[in-house]
Amino acid sequence: MLNKIKITISTIIIPTDFSTVADNALRYGIDMAKQYNFQILLYHVVQLSTANFSHIVYVEDIDKIMTEHKDAMKNKMEKLKLENPNVDFEYDVEAGLLFDNLSLKCEKIKPIAVLMGITGSGALDKFIGSNAVLAIKHLPCPVMIIPKSAKFTPIKNICLACDLKNVLQSTPLLSIKVFTKIFNAKIHILNVDYKNKNFSAQTPEELQNLEYIFDDLPHDLHFVEYENVQNAITDFVDSENIDLLMMVPKKHTFFESLFQKSNSKEMAYETHIPILNLQQV
């Protein structure tokens with residue numbers, strides 16, 4: 001039950017490559033850490049190779065490169081601590097491959113979430129970013145995507161998009177409860193359909209299951225008729241003053257369309273609030 005969950009100080013990992021995109025996520029993370037007493041681990045990986053091997057760091061260059069990057073991180077951290085004396089900062093610099101290293105780091109310290117900014121130049125990349133997509137798919141912990149225009153405000157209203165399919169099996173209820181308690185927020189569960197296209201004989205039972213598992217959480221159910229899911233979520237976020245969009249990416253549902261390049265032309269949803277992606281149970 002919700003009132004039995006104990007929340008202590010938790011770590012958020014913020015990967016950085018010293019870019020403006022990473023710094024934007026860091027600014028959001030710092031404000032969030034101040035509000036919710038999080039510890040920040042600023043994490044940098046010296047990439048030994050790019051995915052297509054267009055760039056490879058040779059063994060004889062490693063020591064020099066690592067020293068340069070550690071010095072840059074140390075200088076950045078000293079400045080951050082001076083500017084934010086009430087935030088508990090740690091940092092780490094490693095060599096390797098970003099997502100291999102990051103996955104191991106997540107498994108070791110079990111952060112409350114990894115915060116990542118948006119990168120890239122294509123239509124889809126402007127929305128999510130290639131690194132963020134990989135993080136959502138492969139990291140063993142929640143991933144919070146921070147859009148460029150996101151400004152931190154206390155999180156009071158969370159939108160959880162739900163397709164009313166396999167609710168009991170696919171809803172990461174414990175994670176949802178933990179974040180709801182941390183933020184002291186209300187969950188707005190949103191289902192989008194159009195002309196009952198997604199309605200089935202199982203839908204009434206799935207709705208009962210949804211009400212059952214969220215019974216002890218402050219929540220509202222919302223059903224909207226919209227042909228375009230992305231537009232529906234955008235309008236809902238704006239109309240209900242949503243502070244955080246929570247999603248559980250699943251295969252073979254409309255959620256998959258949010259991450260498919262083939263649908264990038266329909267990517268009308270360019271959110272100004274963070275997207276928290278939870279692992280499917």
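Residues: numbered from 1 along the sequence shown. Everything quoted here is computed from the prediction, not taken from an experiment.
Counting only heavy atoms from C-beta outward, the side chains of Leu42 and Met77 approach each other to under 4.5 Å. Counting heavy atoms from C-beta outward, Thr171 and Phe214 have side chains that approach closer than 4.5 Å. Side-chain contact between Lys70 and Met66 is present, with at least one heavy-atom pair separated by less than 4.5 Å. Side-chain contact check for Ile158 versus Phe183: some heavy-atom pair is nearer than 4.5 Å.
Between Ala25 and Met116, the shortest heavy-atom contact is CB-C, 4.0 Å. Looking at every heavy atom in both residues, Ala22 comes nearest to Pro15 through CB-O, 4.1 Å. Leu276 and Pro142 get closest at one heavy-atom pair: CD1-CB, 4.0 Å. Ile109 and Ile13 get closest at one heavy-atom pair: CD1-CD1, 3.6 Å. Counting all heavy atoms, side chain and backbone alike, Pro111 lies closest to Cys141 at CG-SG, 4.1 Å. Pro147 and Ile273 make their closest contact through CG-O, 3.2 Å (heavy atoms, listed as atom of the first residue, atom of the second, distance).
Atom SG in Cys106 sits 9.5 Å away from atom NZ in Lys110 (nearest 0.5 Å). With rounding to the nearest 0.5 Å, the separation of OH in Tyr36 from CZ in Phe179 is 11.5 Å. Annotation: the span from Glu211 atom CD to Ile189 atom CD1 amounts to 7.0 Å, rounded to 0.5 Å. In this structure, CG on Leu41 lies 9.5 Å from CD1 on Ile12, to the nearest 0.5 angstrom. Here the straight-line distance linking atom CG of Asp100 with atom NZ of Lys105 works out to 13.5 Å at 0.5 Å rounding. For the atom pair CG of Asp220 and CD1 of Ile187, the computed distance is 10.5 Å after rounding to the nearest 0.5 Å.
Judged by distance alone, the side chain of Gln39 and the main-chain N or O of Ser10 form no donor-acceptor pair under 3.5 Å. The backbone N or O of Glu78 lies less than 3.5 Å from no partner atom in the side chain of Lys81, so there is not a single donor-acceptor pair. Between the side chain of Thr16 and the main chain of Phe18, a donor-acceptor pair closer than 3.5 Å is present. In terms of modelled atom types and a separation under 3.5 Å, the side chain of Thr203 and the main chain of Phe199 share no donor-acceptor contact. Panel note: side chain His272, backbone Ala150; no donor-acceptor pair is recorded below 3.5 Å. Of the possible polar contacts, none joining the Asp193 side chain to the Phe223 backbone as a donor-acceptor pair under 3.5 Å is found. Within the 3.5 Å criterion, the main-chain N or O of Lys165 finds no donor-acceptor partner in the side chain of Gln202. When atom types are taken as modelled, the side chain of Asn84 and the backbone of Leu80 share a donor-acceptor pair closer than 3.5 angstrom.
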- [ ] Under the side-chain hydrogen bond (donor to acceptor under 3.5 Å, both in side chains) rule, what do His69 and His44 come out as? Steps first, then yes or no, please.
- [x] CA-CA 8 Å; His69 285 238; His44 177 64; 2.7 Å; yes

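Linking Ile, Leu, Val, Met, Phe, Trp and Tyr residues whenever their side-chain heavy atoms come within less than 4.5 Å leaves Ile40 and Leu82 in two separate clusters. Tyr194 and Val224 are members of different hydrophobic clusters when ILVMFWY side chains are connected at heavy-atom separations under 4.5 Å. Residues Leu104 and Val143 are members of separate hydrophobic clusters, defined by side-chain heavy-atom contacts under 4.5 angstrom among Ile, Leu, Val, Met, Phe, Trp and Tyr. Under a hydrophobic clustering in which Ile, Leu, Val, Met, Phe, Trp and Tyr are joined whenever their side-chain heavy atoms come within less than 4.5 Å, directly or via other members, Leu221 and Leu160 fall into the same cluster.
With respect to Glu94, the side chain to side chain contact (heavy atoms under 4.5 Å, CB included) criterion is satisfied by exactly one of Leu102, Val46, Asn101: Asn101. Under the side chain to side chain contact (heavy atoms under 4.5 Å, CB included) rule, Phe38 has a single partner from Val87, Thr11, Ile182, Asp88, which is Ile182.
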Show the atom names and distances, to 0.1 Å, of all donor-acceptor pairs under 3.5 Å that link a side chain in residues 235-249 to residues at least two apart or in another chain.
| unit_1 | atom_1 | unit_2 | atom_2 | d |
| --- | --- | --- | --- | --- |
| Asp235 | OD2 | Tyr226 | OH | 2.1 |
| Ser239 | OG | Asp235 | O | 3.1 |
| Ser239 | OG | Phe236 | O | 3.2 |
| Asp243 | OD2 | Lys156 | N | 2.9 |
| Asp243 | OD2 | Asn157 | N | 3.0 |

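Among residues at least two apart or in separate chains, salt bridge (charged side-chain N to carboxylate O under 4.0 Å, His left out) pairs with a member in residues 21-41 are Asp23-Lys76.
Within a 6.0 Å radius of CD in Glu205, other residues, nucleotides and ligands contribute 12 heavy atoms or fewer.
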